[in-house]
Amino acid sequence: MERSRFALLAGLAIDNFGSGLFLPLALVYATRVVGLPVGTAGPAVALGTILGFAIPPVAGRLTHRFGPRFTVVTAQLVQGMGAAAYLVAADVAGVLVAAGLMATGVQMFYCSVFVLIADVSTDESKERPFALVAMVRAAAFGLGTLTSALALTQNSDAALRGLVAVDAGTFVVAAFLLARFVVTGPVEHAAVPAVGPLTVLRDRSYVTLMLGVCLLGLTVDFALLGTPVFVLDVLHGPAWLPGALLAAGTLLSSVFGVKVVEVLAGRRRTRSLQAGAVTYAVFSLALMATLWVPPGWLVPYAFAAWLLFVIANKVIYPVAGALSDALPPRNARAGYMATFQYSFTTAQVVAPAVVGLFAVAAWAPWAVIAVAALAGVVTFRSLEKAIPGGMNRAEALASPG
């Protein structure tokens, strides 16, 4: 089992290194290398991404029938095909196909990877493996984005093509590691009909969890999309500051994730989620307050506020992942956790619209995000009353060995 855990971490690290190389540059690649106008490239990539929203039910059935490892490996190969499709794309249709393949693979990945993590880590606290995977993935993605930034200093189409080629290769290597070395045991309940989204949506407790995670996911997606706009266009801060905030967050995430989970051991999961939601609300209001911070204090103040965001992330995602695995019936877990992905995809769709509120007032988006986070507090409070106490209690951590 130890070899499976190591192979899982190695495969996901390689996967995320490749994603860090290219995913932030999809639009840049479409405009610079393919030669599309930005007004065409943006809708093409967005439409391709929307195509992935139909994938969770399919991914749930695949995971239920063949197991999570099969679906994760398939997802990585599909993403590798998407990266390869970008290499040969010559027009808007090519970009649409490439973006669609990438989105399909990403949705398949997130619909099944949490099941795989739970299955490989059956003998220890669920919070710990989710936190450990998040640390490794954050560090690898950050290294990928740093490598990408260095390659972009070459300012050449060849450098961009090279990044895409390496990205395609990382997906293939990651798929091989998971297929060859990760062992999850026989697939259980394969003969039982798979559970679809409509069944999941009749489970009030799980829908409440999904709603709460969606409200908090909106903070994450908005922070990643909106902070650069806020810092550069509203505050007119230094150009390096948004990247430095992301880099600092990645570094802290890759170091302290498991430590945060150790603090949460034995506590009610819904209480931890409420604490994380309150921290998100404070973070949102703190960044909104930079509108009135003296220019000389902008940089240290922004880093202090961003630290709140990082802490909340380290609390919320391992706990939400563990709870999403604990709540479903054991023979329906694949369908439930695939549907759980809609919590994140919905937030991804809404976040750009919230960023657009900067055109209304500089403080408005942050106020909306703070309200959403506080609504998450209420949501998780109601969930606490609906689930058994033992299921709601984070397990004490086992030894990592």
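Keep in mind that what you see is a predicted model, and the values were worked out from it rather than measured.
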Fill in: Considering all heavy atoms, the nearest T339-M210 contact
O-CE, 3.2 Å

Worksheet entry | Nearest heavy atoms of L209 and L327, plus distance in Å | CD2-CD1, 3.9 Å

Worksheet entry | With sequence neighbours excluded, residues passing ring pair (Phe, Tyr, Trp, His ring centres under 6.0 Å) with F70 |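 F70: ring pair (Phe, Tyr, Trp, His ring centres under 6.0 Å) contacts with F66.
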
Item to complete: Start with the C-alpha distance between L285 and W366, add both sets of side-chain angles, then the distance that settles side chain to side chain contact (heavy atoms under 4.5 Å, CB included), and finish with yes or no.
Response: CA-CA 6 Å; L285 296 175; W366 298 112; over 6 Å; no

Where the side chain of [X] meets the backbone of [Y], is there a donor-acceptor pair that is under 3.5 Å apart?
| X | Y | result |
| --- | --- | --- |
| R161 | L87 | yes |
| Q274 | T270 | yes |
| Y301 | A286 | yes |
| D91 | G94 | yes |
| Y29 | Y86 | yes |

Worksheet item: F358 vs F230 aromatic rings, parallel, tilted or perpendicular, using cut-offs 30° and 60°?
Response: parallel

Worksheet item: Parallel, tilted or perpendicular: which fits the ring planes of F344 and F340, with parallel below 30° and perpendicular above 60°?
Response: perpendicular

Worksheet item: Do L287 and L308 pass the side chain to side chain contact (heavy atoms under 4.5 Å, CB included) test, and can you show the C-alpha distance, the side-chain angles, and the key distance before you say yes or no?
Response: CA-CA 10 Å; L287 268 192; L308 295 172; over 6 Å; no

Worksheet item: Do W306 and F309 make the cut of ring centroids closer than 6.0 angstrom?
Response: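 Between W306 and F309, the centre distance is under 6.0 Å.
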
Discussion item. Does either side chain, that of D203 or that of Y336, offer a donor lying less than 3.5 Å from an acceptor on the other one?
Written reply: yes

Worksheet item: Cut-off 3.5 Å, side chains only: do T63 and T71 have a donor facing an acceptor?
Response: yes

Worksheet item: Would I55 and C111 count as a side chain to side chain contact (heavy atoms under 4.5 Å, CB included) if you check the C-alpha gap in whole Å, the side-chain angles of each, and the deciding distance to 0.1 Å?
Response: CA-CA 9 Å; I55 295 303; C111 286; 5.6 Å; no

